Amino acid sequence: MNKYLEDLVKLSKFDTKISMFEPQIENEKAKLATFVETAEAIKTSINDTYAQIDDVKSKRTKNNIHLAELKTKLDDISRKHNEVQNEKELKALQLEEEITKEQISFANEEIARLDEITEEKESQLKEFQEKLAEEEDSIKEIQVSVDEKIEDINKERNSVYQERSELLEKFDNKILTFYEKIKRWAKDTAVVPVKKQACYGCFMKINDKTYAEVIKSDEIINCPHCGRILYKEDETVEA
């Protein structure tokens with residue numbers, strides 16, 4: 001293979017590797033982000049549950065105050081029985097007493113209902129707190145794994161950058177400029193192999209004359225359809 005073409009193939013492969021490092025890092029971070037998002041959602045549920053418990057307890061306190069007022073009113077009604085002077089006043093007092101007792105009964109039922117809600121919410125709160133503890137333990141474990149993986153990726157990236165720099169030190173400037181022009185639009189497919197007599201950049205079949213020149217690898221050949229730089233892989237590599 002032509003030396004310049006061989007260098008172009010190496011450079012292209014280095015650039016392809018380099019472009020893949022950042023997505024790999026983001027993929028590792030995404031693994032952790034999923035657990036962090038779940039933990040944040042649980043924290044939101046915990047805060048909402050605390051707020052709901054406070055609201056229920058506030059309603060219970062108001063009902064307790066109202067219940068005390070009703071009991072005081074009932075005591076007043078009992079005292080007034082001794083002051084009744086006629087049947088009309090007695091009936092009115094009895095009606096007021098009956099209504100007050102119903103209100104007391106309703107207040108007690110409401111307090112019991114609010115107590116049940118509080119118990120249920122506190123049970124939910126405990127479950128959320130246990131889930132959060134489990135999730136935070138998982139986050140710690142995954143954080144270690146992700147950090148190690150990212151460190152490995154960065155080491156590999158630094159190694160590839162080093163090899164690429166060493167290659168560029170002996171690279172022909174005209175050939176490099178030519179490559180960079182194609183790379184601007186073709187990205188990581190500036191240099192592509194020919195397989196089954198087709199350009200593996202645009203996947204168009206190339207004519208026999210161009211294919212023969214690619215096989216010879218004596219010169220740098222561009223795809224007649226898309227302009228990418230073409231090369232023929234070794235049979236062992238292609239296999």
Side-chain angles (χ1 to χ4, degrees), residues 1-38 138-239:
M1 182 184 290
N2 178 290
K3 181 185 179 302
Y4 294 131
L5 179 59
E6 186 177 348
D7 287 346
L8 281 171
V9 173
K10 287 179 181 177
L11 180 61
S12 177
K13 288 182 177 179
F14 282 145
D15 287 343
T16 299
K17 279 185 179 180
I18 289 169
S19 67
M20 291 302 297
F21 287 128
E22 198 58 39
Q24 287 175 19
I25 291 173
E26 291 304 317
N27 183 53
E28 291 301 320
K29 289 180 178 178
K31 293 177 184 177
L32 182 62
T34 301
F35 284 85
V36 172
E37 286 173 8
T38 302
S138 297
I139 287 171
K140 289 177 184 177
E141 292 177 7
I142 293 169
Q143 181 72 66
V144 172
S145 174
V146 167
D147 287 346
E148 289 176 352
K149 185 66 178 176
I150 289 176
E151 185 179 355
D152 290 340
I153 292 171
N154 282 327
K155 284 180 180 177
E156 186 181 353
R157 176 161 59 181
N158 291 337
S159 176
V160 172
Y161 269 120
Q162 180 62 35
E163 290 182 57
R164 184 181 188 275
S165 296
E166 291 173 1
L167 176 65
L168 289 179
E169 286 177 4
K170 55 184 180 180
F171 220 89
D172 183 275
N173 287 331
K174 289 183 179 179
I175 299 296
L176 181 60
T177 302
F178 176 61
Y179 167 76
E180 293 291 348
K181 283 181 180 179
I182 298 173
K183 192 173 183 293
R184 284 195 194 102
W185 59 267
K187 308 300 180 185
D188 292 329
T189 63
V191 182
V192 294
V194 173
K195 297 180 181 180
K196 298 180 181 179
Q197 203 172 330
C199 165
Y200 257 54
C202 64
F203 300 100
M204 296 287 288
K205 187 173 182 179
I206 58 177
N207 58 52
D208 294 340
K209 182 177 180 297
T210 303
Y211 185 53
E213 290 174 346
V214 171
I215 292 174
K216 286 180 181 178
S217 299
D218 291 336
E219 297 179 6
I220 295 173
I221 306 299
N222 295 87
C223 173
H225 305 292
C226 67
R228 289 177 173 87
I229 299 168
L230 303 175
Y231 72 95
K232 188 73 172 70
E233 285 186 325
D234 293 337
E235 293 300 322
T236 53
V237 175
E238 191 170 350

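What you see is a predicted model, and the numbers here were worked out from it, not measured in a lab.
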Any non-hydrogen side-chain atom of [X] less than 4.5 Å from a side-chain atom of [Y]?
X: Ser159; Y: Glu163; result: yes
X: Glu151; Y: Asp147; result: no
X: Leu5; Y: Ile175; result: no
X: Ile221; Y: Tyr231; result: no

Measuring from atom [atom1] of [X] to atom [atom2] of [Y], what distance do you get when rounded to the nearest 0.5 angstrom?
X: Lys31; Y: Asn27; atom1: NZ; atom2: CG; answer: 5.5 Å
X: Lys13; Y: Ile18; atom1: NZ; atom2: CD1; answer: 14.5 Å
X: Leu167; Y: Asp7; atom1: CG; atom2: CG; answer: 5.0 Å
X: Cys226; Y: Met204; atom1: SG; atom2: CE; answer: 9.5 Å
X: Leu32; Y: Ser138; atom1: CG; atom2: OG; answer: 10.5 Å
X: Lys29; Y: Gln24; atom1: NZ; atom2: CD; answer: 13.0 Å

Shortest non-hydrogen separation from [X] to [Y] and the atoms involved:
X: Ile150; Y: Glu28; answer: CG1-CB, 4.1 Å
X: Ile25; Y: Ile153; answer: CG1-CG2, 3.8 Å
X: Val192; Y: Gly201; answer: CG2-N, 3.8 Å
X: Arg228; Y: Ala186; answer: NE-CB, 4.0 Å
X: Cys199; Y: Leu230; answer: SG-CD2, 3.7 Å

Is it the case that more than 12 heavy atoms not belonging to [X] sit under 6.0 Å from its [atom1] atom?
X: Tyr4; atom1: OH; value: no
X: Phe171; atom1: CZ; value: yes
X: Glu166; atom1: CD; value: yes

Practice prompt. Decide yes or no on side-chain contact (heavy atoms from CB on, under 4.5 Å) for Glu148 and Val144, but give the supporting numbers first.
Written response: CA-CA 6 Å; Glu148 289 176 352; Val144 172; 3.7 Å; yes
Practice prompt. Taking salt bridge (Lys or Arg N to Asp or Glu O under 4.0 Å) as the test, write out the residues that go with Glu213, two or more places apart.
Written response: Lys209
Is a side-chain N or O of [X] found less than 3.5 angstrom from the main chain of [Y], in a donor-acceptor match?
X: Ser12; Y: Leu8; value: no
X: Thr210; Y: Ile206; value: no
X: Thr38; Y: Thr34; value: yes
X: Arg164; Y: Leu11; value: no
X: Ser165; Y: Tyr161; value: yes

Discussion item. With ring-ring contact (aromatic ring centres under 6.0 Å, His included) as the rule and sequence neighbours excluded, what pairs involving residues 177-230 come up?
Written reply: Tyr200-Phe203
Item to complete: State which residue, out of Lys187, Lys10, Lys183, fulfils the side-chain contact (heavy atoms from CB on, under 4.5 Å) condition with Asp15.
Response: Lys183
Discussion item. Under the criterion side-chain hydrogen bond (donor to acceptor under 3.5 Å, both in side chains), I'd like the reasoning laid out for Asn158 against Gln162: C-alpha separation, chi angles, the key distance, then a yes or no.
Written reply: CA-CA 6 Å; Asn158 291 337; Gln162 180 62 35; over 6 Å; no
With distance as the sole criterion, is a donor-acceptor pair present between the side chains of [X] and [Y] under 3.5 Å?
X: Ser19; Y: Asp188; value: yes
X: Asn2; Y: Glu6; value: no
X: Gln197; Y: Asn207; value: no

Discussion item. Can you tell whether the side chains of Glu22 and Arg157 come within less than 4.0 Å, N to carboxylate O?
Written reply: yes
